Student: 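Structure in structure tokens, see below.
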Amino acid sequence: MKASRRIYWPAVTLIGPGCVKEIGADIQDLKLKKVLLVTDSVLNKLGVAKKVTAVLDSSKIEYVIFDDVQPNPTMKNVDDGLAVYQQNNCDCIVSVGGGSPQDAAKAIGILVTNGGKIKDYEGIHISKHKSVPIIAINTTAGTASEVTINYVITNEDTHIKMVMVDKNSLATIAVSDPELMLDKPADLTAATGMDALTHAVEAYVSSGAFGLTDTLALESIKLIGESLEIAVKDGKNIEARSKMVYASYIAGMAFNNAGLGYVHSMAHQLGGFYNLPHGVCNAILLPHVQEFNAKHTGDKLRQVAVALGADVTGLSTLQANDAALNAIKTLSKKVGIPSGLEELGVKVTDFRVMAENALKDICKGSNPSPVNLDETIAIYQAAF
């Protein structure tokens with residue numbers, strides 16, 4: 001283990017059923033006066049955002065709603081949100097949603113305090129100043145964007161997802177209330193749950209992994225194995241929803257500090273080219289990338305298999321690796337994830353340019369195995 005570690009973790013986390021009701025007091029304690037509430041139109045229409053504004057109303061906290069965030073937020077989304085923030089003299093952001101509203105909120109917060117355009121901040125720790133205060137209210141057990149220093153914005157001109165790793169974007173308060181997830185559709189529950197599994201597995205085998213992140217990642221994998229299928233089949237099951245909230249949270253803490261890997265690098269291209277759901281892309285790619293990585297991950301996939309409930313007693317490393325990959329594929333199938341990229345409308349003719357872009361993606365840096373262009377194309381083909 002290295003002599004020192006820099007660990008990023010939100011200063012305050014509220015987690016568990018009903019915890020969203022506490023945010024009014026926290027905002028008042030921070031002496032904040034005017035909120036920009038960042039969400040998407042679906043959550044606003046479904047009344048999820050209203051559950052948050054009801055808390056703000058009862059605490060007499062002023063707010064304005066920006067709900068134009070797209071599923072894969074764009075530079076225009078960020079610019080539009082920034083304009084609403086500035087025009088209404090806001091002094092903080094409350095983000096309500098999954099990864100898309102959370103990422104858009106981080107981008108807006110960084111631009112408020114740093115200026116410029118969001119594409120100026122692609123890369124690692126580019127900004128100079130801390131974001132405005134963000135109270136990040138998570139509505140999906142998957143992305144963990146509410147607790148991480150990462151955010152992703154699509155450049156609509158190049159169709160490339162820009163990845164920002166920025167300590168200044170970390171939320172002031174992270175909120176994960178499973179009661180906000182009880183009405184979430186089964187397909188979205190599945191996709192975000194498999195996103196959380198990808199976070200945990202990639203963090204566990206990452207070249208940046210260490211004791212703390214290993215512990216968090218394995219516990220997350222175990223919780224997902226126990227609860228995701230139940231949450232998909234019975235969305236009102238508060239115990240399963242609560243387990244998935246914890247699983248997503250600790251997976252986020254794992255990759256926040258260990259890094260991700262090539263599943264995300266490749267999935268980002270699918271999202272940028274086809275505007276596909278990030279969690280679904282991750283789920284399809286996960287076993288194929290880990291099969292490629294296995295020669296560099298020692299016996300770690302054995303522990304992934306165990307965490308997912310597989311019996312690996314007496315198995316060789318190769319056999320245990322297969323057990324882990326099969327367990328991932330089985331869970332993915334049980335929760336209704338498509339079996340391959342072809343079902344998503346992906347074109348073989350786009351593999352090369354997507355592979356070229358994946359090799360430039362920042363998440364590649366912590367993948368346990370080196371990878372080249374032809375190998376990337378072959379992984380896309382295997383996942384097709």
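What you see is a predicted model; the values in this text were computed from it and never measured. Residue numbers count from 1 along this sequence.
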Student: Look at the side chain of S59 and the backbone N and O of L56, then say whether any donor-acceptor pair between them is shorter than 3.5 Å.
Tutor: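 Pair absent, no side-chain N/O of S59 close to backbone of L56.
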
Student: Look at atom NZ of K130 and say whether more than 12 heavy atoms of other residues, nucleotides or ligands are closer to it than 6.0 Å.
Tutor: yes

Student: Rounded to the nearest 0.5 Å, what separation is found between the CG atom of N275 and the CG atom of L270?
Tutor: 11.5 Å

Student: Would you say the side-chain atoms of S339 and E343 include a donor-acceptor pair closer than 3.5 Å?
Tutor: yes

Student: Could you tell me whether the side chain of I153 reaches within less than 4.5 Å of the side chain of M75, counting heavy atoms only?
Tutor: yes

Student: Is a side-chain N or O of S220 found less than 3.5 angstrom from the main chain of L216, in a donor-acceptor match?
Tutor: no

Student: Do you see a donor-acceptor pair shorter than 3.5 Å between the side chains of H268 and H278?
Tutor: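 Absent: no donor and acceptor within the cut-off.
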
Student: Could you state whether Y151 and V163 fall into the same hydrophobic cluster, counting links through intermediate Ile, Leu, Val, Met, Phe, Trp or Tyr residues with side-chain heavy atoms under 4.5 angstrom apart?
Tutor: no

Student: Is it true that, when you exclude K34 itself, more than 12 heavy atoms of the residues, nucleotides or ligands shown sit nearer than 6.0 Å to its NZ?
Tutor: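 Yes, the 6.0 Å shell around NZ holds more than 12 heavy atoms from other groups.
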
Student: If two hydrophobic side chains count as joined below 4.5 Å and joins carry through other members, does L285 share a cluster with V201?
Tutor: yes

Student: Thinking salt bridges, do K243 and E226 make one under a 4.0 Å N-O criterion?
Tutor: yes

Student: Heavy atoms, side chains only, cut-off 4.5 Å: are M266 and M354 in contact?
Tutor: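 They are not in contact (no side-chain heavy atoms under 4.5 Å apart), so the answer is no.
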
Student: Can you say whether the rings of F384 and F351 are parallel (under 30°), tilted (30 to 60°) or perpendicular (over 60°)?
Tutor: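 Rings of F384 and F351: perpendicular, over 60°.
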
Student: Taking atom types as modelled, find out whether D195 and H199 have a side-chain donor-acceptor pair closer than 3.5 angstrom.
Tutor: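 Yes, side-chain donor-acceptor contact under 3.5 Å.
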
Student: Under 3.5 Å, is there a donor-acceptor pair between the N44 and T39 side chains?
Tutor: no

Student: Under the 3.5 angstrom rule, does the side chain of Q102 hit a backbone N or O of G97 as a donor-acceptor pair?
Tutor: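 Flag set: sc Q102 to bb G97 pair under 3.5 Å.
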
Student: Quick check: are there more than 12 heavy atoms from other residues, nucleotides or ligands sitting under 6.0 Å from NZ of K45?
Tutor: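 Atom NZ in K45 is not crowded, with 12 or fewer foreign heavy atoms closer than 6.0 Å.
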
Student: Could you tell me whether the side chain of V35 reaches within less than 4.5 Å of the side chain of I93, counting heavy atoms only?
Tutor: no

Student: Within the 3.5 Å criterion, strictly below it, is a donor on S227 or R241 matched to an acceptor on the partner's side chain?
Tutor: no

Student: Considering only heavy atoms from C-beta outward, does the side chain of R352 approach that of D374 to under 4.5 Å?
Tutor: yes

Student: If you measure only the distance, is there a donor-acceptor pair under 3.5 Å linking the side chains of S145 and D103?
Tutor: yes

Student: What closest approach, in Å, do F66 and V84 show between heavy atoms, and which atom pair accounts for it?
Tutor: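 Shortest heavy-atom contact: CD1-CG2, 4.0 Å.
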
Student: Taking atom OG1 of T74 and atom NZ of K161, what is their separation to the nearest 0.5 Å?
Tutor: 12.0 Å

Student: Mark yes when over 12 heavy atoms from residues, nucleotides or ligands other than E239 sit less than 6.0 Å from its CD; otherwise mark no.
Tutor: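 No, CD of E239 has 12 or fewer neighbouring heavy atoms, counting only those of other groups under 6.0 Å.
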
Student: For residues I379 and L301: do they belong to one hydrophobic cluster (side chain heavy atoms under 4.5 Å, members Ile, Leu, Val, Met, Phe, Trp, Tyr)?
Tutor: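 Hydrophobic grouping puts I379 with L301.
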
Student: What are the two closest heavy atoms between V175 and E146, and how far apart are they?
Tutor: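 Taking V175 first and E146 second, the nearest heavy atoms are O-CG, 4.5 Å.
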
Student: If I take atom OG from residue S242 and atom CE from residue M244, how far apart are they, to the nearest 0.5 angstrom?
Tutor: 11.5 Å

Student: Would you say the side-chain atoms of E156 pair up with the backbone N or O of K76, donor to acceptor, closer than 3.5 Å?
Tutor: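 Side chain of E156 to backbone of K76, a donor-acceptor pair under 3.5 Å: yes, one is there.
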
Student: Between Y63 and D57, do the side chains contain an N or O donor and an N or O acceptor separated by less than 3.5 Å?
Tutor: yes

Student: Does any donor atom in the side chain of T317 or D299 lie under 3.5 Å from an acceptor atom in the other side chain?
Tutor: yes

Student: Just by distance, no angles: are the side chains of T192 and K184 close enough, under 3.5 Å, to form a donor-acceptor pair?
Tutor: yes

Student: Do you reckon I110 sits in the same ILVMFWY cluster as V94, going by side-chain contacts under 4.5 Å, direct or chained?
Tutor: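 Looking at the clustering, V94 is in a separate group from I110.
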
Student: Is any side-chain heavy atom of D183 closer than 4.5 Å to a side-chain heavy atom of V48?
Tutor: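 Side chain of D183 against side chain of V48, heavy atoms only: no contact under 4.5 Å found.
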
Student: If you round to the nearest 0.5 Å, how far is CG of L111 from CG of L82?
Tutor: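 Separation between the atoms: 5.5 Å.
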
Student: Take D311 and T313 through the test side-chain hydrogen bond (donor to acceptor under 3.5 Å, both in side chains) and record every step on the way to the result.
Tutor: CA-CA 6 Å; D311 183 1; T313 305; 2.7 Å; yes

Student: Are the side chain of N256 and the backbone of Y8 linked by a donor-acceptor contact shorter than 3.5 Å?
Tutor: yes

Student: Please name the pair of heavy atoms, one in D91 and one in V132, separated by the smallest distance, quoted to 0.1 Å.
Tutor: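 Of all heavy-atom pairs spanning D91 and V132, the closest is O-CB, 4.4 Å.
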
Student: Considering only heavy atoms from C-beta outward, does the side chain of P10 approach that of I173 to under 4.5 Å?
Tutor: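 No; the side chains remain at least 4.5 Å from each other.
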
Student: Can we say D350 and K347 salt-bridge, meaning some charged N sits less than 4.0 Å from an Asp/Glu carboxylate O?
Tutor: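 Result for this pair is no, no salt bridge flagged.
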
Student: Quick one: do D79 and K117 make a salt bridge, cutoff under 4.0 Å?
Tutor: yes

Student: State whether the number of non-hydrogen atoms from other residues, nucleotides or ligands found under 6.0 Å of E122 atom CD is greater than 12.
Tutor: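 Enclosed.
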
Student: Using the ring of Y204 (Phe, Tyr or Trp, six-membered ring only), decide whether K300 places NZ or CZ under 6.0 Å from its centre and within 45 degrees of its axis.
Tutor: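 Yes, a cation-pi geometry holds between K300 and Y204.
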
Student: Between the main-chain N or O of S265 and the side-chain N or O of Q269, is there a donor-acceptor pair closer than 3.5 Å?
Tutor: yes

Student: Just verifying a value: how many Å separate I61 CD1 and I23 CD1, rounded to the nearest 0.5 Å?
Tutor: 7.0 Å

Student: Under 4.5 Å between any side-chain heavy atoms of N257 and L212, yes or no?
Tutor: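 The answer is no; the side chains never approach within 4.5 Å.
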
Student: With no hydrogens and no angle check, do the side chains of N367 and S369 hold a donor and an acceptor under 3.5 Å apart?
Tutor: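 On atom types as modelled, these side chains do not qualify, holding no pair under 3.5 Å.
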
Student: Answer yes if the side chains of N77 and D68 hold a donor-acceptor pair under 3.5 Å, and no otherwise.
Tutor: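 Result is no, nothing qualifies.
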
Student: Would you say the side-chain atoms of D177 pair up with the backbone N or O of C19, donor to acceptor, closer than 3.5 Å?
Tutor: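 Indeed, once roles are kept as given, a pair shorter than 3.5 Å links the two residues.
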
Student: Is a donor on one side and an acceptor on the other found under 3.5 Å between the side chain of S332 and the backbone of K329?
Tutor: no

Student: Out of curiosity, H264 NE2 to F255 CZ, how far, rounded to the nearest 0.5 Å?
Tutor: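 So the NE2 of H264 and the CZ of F255 are separated by 6.0 Å.
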
Student: Run the numbers on K106 and T148 for side-chain hydrogen bond (donor to acceptor under 3.5 Å, both in side chains), then give the verdict.
Tutor: CA-CA 10 Å; K106 290 178 183 179; T148 70; 3.2 Å; yes

